[in-house]
Amino acid sequence: MSYYGRKRILVTGGAGFIGSHLCEMLLRQGHEVLCVDNFYTGDKRNLGWCREHENFELLRHDVTFPLYVEVDQIYNLACPASPIHYQHDPVQTTKTSVHGAINMLGLAKRLKARILQASTSEVYGDPLMHPQREEYWGNVNPIGTRACYDEGKRCAETLFFDYYRQHRLAIKILRIFNTYGPRMHPNDGRVVSNFIVQALRSQPITVYGEGSQTRSFCYVDDQLEVMVGLMNTADDFIGPLNAGNPEEFSINELAQLTIELTGSKSKIVYKPLPKDDPTQRCPDIALAAKHLNWKPKIPLRAGLQKTIAYFDDLLSREAV
Ligand code: NAD
Ligand code: UDP
């Protein structure tokens, strides 16, 4: 660690939705940030003012290749997160999770650096336990179209735990549940961005299946608080830790709320449910409450309003 508690922190996937917010937060806390991204789903523009900051560095690099840098902490976020993007090149998705984890763990081992893995609620697959607790092993189809992501992330967790057991590496594993907010990609196909963009363009709102499947939506600021909190807890609390908002909504409810908050005239249309689409998902966050005294503060309505304002601005600028 360097002068006055300032750390050099590597954020892989730092030009993406969550990663760019994380880079901003770490810079605001006074750290030096090295953002590594291959811009597969991320965009330099997400990094806004960070790019001008003297403590910020941006490196185009694919984490499936080894990386030799000097840092104190690593947040490993590199991986496409939306089903459309991670299914576009599934082999690359698995490589990103697995080879990416091996490379970043190797780097952390050489540097004796603490490393946090952005894991996912997808490790629970289509869960048979509700709400999902960390000790649940999940219900994942290993050969389905979501497997490149789900199994890739599960294997990454395995690697993290083996580096911990075998090399005593300081690891942290965060299982992120559906997170939303400004800077989601407008075309990435995730439900919150799809519905908002469709509503703002007065296009039909595409609900897949009957819309009775549930998700719980966490605003990005809440997600960052638990992520950075976990990274900085004592060495012996390594997770896995669920991070999400435990308030559960059906996709129909989300569609209705989006129409209400945008004041849109869009109508709901029903489309086929994608294969292996989980029917219910909701985190049990008792562990995060106990260890980090954390619970999300931003209700869906308030978070959606901020996200709608972002997309409204983005779409009006695109229209110029
Ligand atoms: P995102 O797609 O916006 O960001 C991912 C970033 O990783 C992008 O900038 C992309 O260009 C980069 N990337 C992809 N492959 C790479 C590679 N091989 N080398 C270097 N960079 C690469 O997604 P996000 O929503 O910001 O998700 C960030 C992380 O959080 C991901 O690991 C994702 O699996 C995890 N996560 C997100 C959610 C969510 O709801 N947003 C839920 C669960 C887990
Ligand atoms: N979904 C939908 N309409 C859309 C996009 C997604 O009904 O335009 C549904 C999708 O089938 C899933 C839920 O919304 O049941 C959440 O999808 P998302 O891709 O955001 O994330 P997931 O939790 O499935 O990874």
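First listed ligand is number 1; within each ligand, the first listed atom is number 1. Quick note: residue numbers are just sequence positions, from 1.
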With a 4.0 Å heavy-atom cut-off (strictly under), which part of [X] contacts ligand 1: side chain, backbone, both or neither?
{"X": "Y180", "answer": "neither"}
{"X": "S119", "answer": "backbone"}
{"X": "H61", "answer": "backbone"}
{"X": "Q92", "answer": "side chain"}
{"X": "M184", "answer": "neither"}

Closest heavy-atom approach to atom 21 (O) of ligand 2 among N252, N178, I84 is made by N178
Does K271 have a heavy atom less than 4.0 Å from any atom of ligand 2? no
Classify the contact between [X] and ligand 2 as side chain, backbone, both or neither, using a heavy-atom distance cut-off of under 4.0 Å.
{"X": "V191", "answer": "both"}
{"X": "T206", "answer": "both"}
{"X": "S82", "answer": "neither"}
{"X": "E210", "answer": "neither"}

What residue and atom, counting heavy atoms only, is the protein's closest point to atom 11 (O) of ligand 2, and at what distance? D277 OD2, 2.6 Å
Is a salt bridge present between K295 and E225, judged by a nitrogen-to-oxygen distance below 4.0 Å? no
Going by distance only, is there an N or O of T179 that falls short of 3.5 Å from an N or O of ligand 1? yes
Between ligand 1 and T64, is the shortest N or O to N or O distance under 3.5 Å? no
Run the numbers for me: atoms of ligand 1, each under 4.0 Å from some heavy atom of [X], listed by number.
{"X": "G42", "answer": "8 (C), 9 (O), 10 (C), 11 (O)"}
{"X": "A78", "answer": "7 (O), 20 (C), 21 (N), 22 (C)"}
{"X": "Y149", "answer": "33 (C), 34 (O), 36 (N), 43 (C), 44 (C)"}
{"X": "N178", "answer": "40 (O)"}

Check: N242/S121 side-chain N/O donor and acceptor closer than 3.5 Å: no
Taking the non-hydrogen atoms of K153, is any one of them nearer than 4.0 angstrom to ligand 1? yes
Report yes if R190 has an N/O atom closer than 3.5 Å to an N/O atom of ligand 2; otherwise report no. no
